[in-house]
**Student:** 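There's a structure below that I have some questions on.
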Amino acid sequence: MTPRRPLRLAALALALSAFAGNALAGEADKPQADKASTDQPLGVVELFTSQGCSSCLPADAFFAELAAKENIVALAYHVDYWDYLGWKDTLSRKENTERQYEYMRAFGSRSVYTPQAVINGRSHVNGARRAEVDGALARMKTSGEGMQVGIKVSRTSDRVIIDAGDAGSGPSDAHVVIVYFDPPQTIKIGKGENTGRSMTYWNAVSGIQTAGMWHGKAQRYELPMSVITKKGGCAVLLQSVGKDGMPGPILGAALIHKP
């Protein structure tokens, strides 16, 4: 399904400070490695979907499998442009639609569609086609277009610590993007193309914030634990951005689950 309309880019901001590296006081506050995080996952799958789109149900089911894998960062962006079909997606956000349109411009495409899966910020495929998603992840890993920068996550009692690695002779600039998502939710759809169907939705994006900059060298950032506990969790993306402001390749990623 492929609608099209102009959207403005929402301003994103987050008070996230770079950490100077001072030792944390007390044994209890020493960082503990987050067992749920993977230094360099296989890749990032961003699914653009809608509860009102009949084509999306198979993609949502496959996405649930991806979200369960520890080596994949899977994020579901529910969009709002199918709401006119009779059912307002309960998880949709205007900002999610805006991100999809930004990818459309970055890829030089003429329209957006659902279910669209963006792989590592580099290309897109139909999110319901398992072979295409798996093939893109495998191909990018072997071609050097997978995760190039390690991201490690650790925690203390009151904060999450994000360590972005050194790129060496690789890429030198990226945005640090925090993508918050909800815990799994089962929704019964009451109207529209999917009337009467129930689906459990995983990692539905509830907020996107550009937290800061990474300049190719190892750097540490902090995020208050209180922010994570209010959400189902979040993903950290190191994503390059073009001079035109459009999103580019994702260089590194990690998941931070709610404690």
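Because the structure is predicted, anything quoted here is derived from the model rather than measured. Residue numbers count from 1 along this sequence.
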**Student:** Does D89 reach the side chain of Y201, with side-chain heavy atoms less than 4.5 Å apart?
**Tutor:** no
**Student:** If the threshold is 4.0 Å, N to carboxylate O, is there a salt bridge linking E65 and R130?
**Tutor:**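 Result for this pair is yes, salt bridge flagged.
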**Student:** Is it true that the side chains of Y103 and E46 contain a donor and an acceptor less than 3.5 Å apart?
**Tutor:**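 The answer is yes; a qualifying pair exists.
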**Student:** Are the side chains of Q100 and Q116 in contact, using a 4.5 Å heavy-atom criterion?
**Tutor:** yes
**Student:** How far apart are the C-alpha atoms of H124 and Y113, what are their side-chain angles, what is the distance that settles it, and do they pass the ring pair (Phe, Tyr, Trp, His ring centres under 6.0 Å) test?
**Tutor:** CA-CA 10 Å; H124 63 96; Y113 63 93; 5.7 Å; yes
**Student:** Is there a chain of hydrophobic side chains (I, L, V, M, F, W, Y, each step under 4.5 Å between heavy atoms) that links V73 to I208?
**Tutor:**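 Yes, V73 connects to I208 through the hydrophobic network.
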**Student:** Check whether more than 12 heavy atoms from other residues, nucleotides or ligands sit under 6.0 Å from atom CH2 of W87, and answer yes or no.
**Tutor:**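 Yes, enclosed.
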**Student:** Determine whether T186 and M199 make a side-chain contact, defined as any pair of heavy atoms from C-beta on separated by less than 4.5 Å.
**Tutor:** no
**Student:** For I151, does its backbone N or O pair with a side-chain atom of D163 as donor and acceptor, under 3.5 Å?
**Tutor:**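 Such a contact is absent between D163 side chain and I151 backbone.
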**Student:** With no hydrogens and no angle check, is any side-chain donor or acceptor of W214 less than 3.5 Å from a backbone partner on G165?
**Tutor:** yes
**Student:** Are F107 and V79 connected in the hydrophobic side-chain network, where two residues link if heavy atoms are under 4.5 Å apart?
**Tutor:** yes
**Student:** Please work out which of the three classes, parallel, tilted or perpendicular, describes the rings of Y84 and W82, given edges at 30° and 60°.
**Tutor:** tilted
**Student:** Do V179 and C234 touch side chain to side chain, with heavy atoms closer than 4.5 Å?
**Tutor:** no
**Student:** Given the rule that I, L, V, M, F, W and Y join up when any side-chain heavy atoms are under 4.5 Å apart, are L47 and F181 in one cluster?
**Tutor:** no
**Student:** So I72 and P41, do their side chains get closer than 4.5 Å, heavy atoms only?
**Tutor:**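 When only atoms from C-beta onward are counted, I72 and P41 do not touch, as no gap falls below 4.5 Å.
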**Student:** Can you say whether the rings of Y101 and Y81 are parallel (under 30°), tilted (30 to 60°) or perpendicular (over 60°)?
**Tutor:**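 Perpendicular.
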**Student:** Should W202 and V118 be counted in the same cluster of Ile, Leu, Val, Met, Phe, Trp and Tyr side chains packed under 4.5 Å apart?
**Tutor:** no
**Student:** Do Y221 and V153 share a hydrophobic cluster, counting only Ile, Leu, Val, Met, Phe, Trp and Tyr and linking them when any side-chain heavy atoms are less than 4.5 Å apart?
**Tutor:**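 Linked within one cluster.
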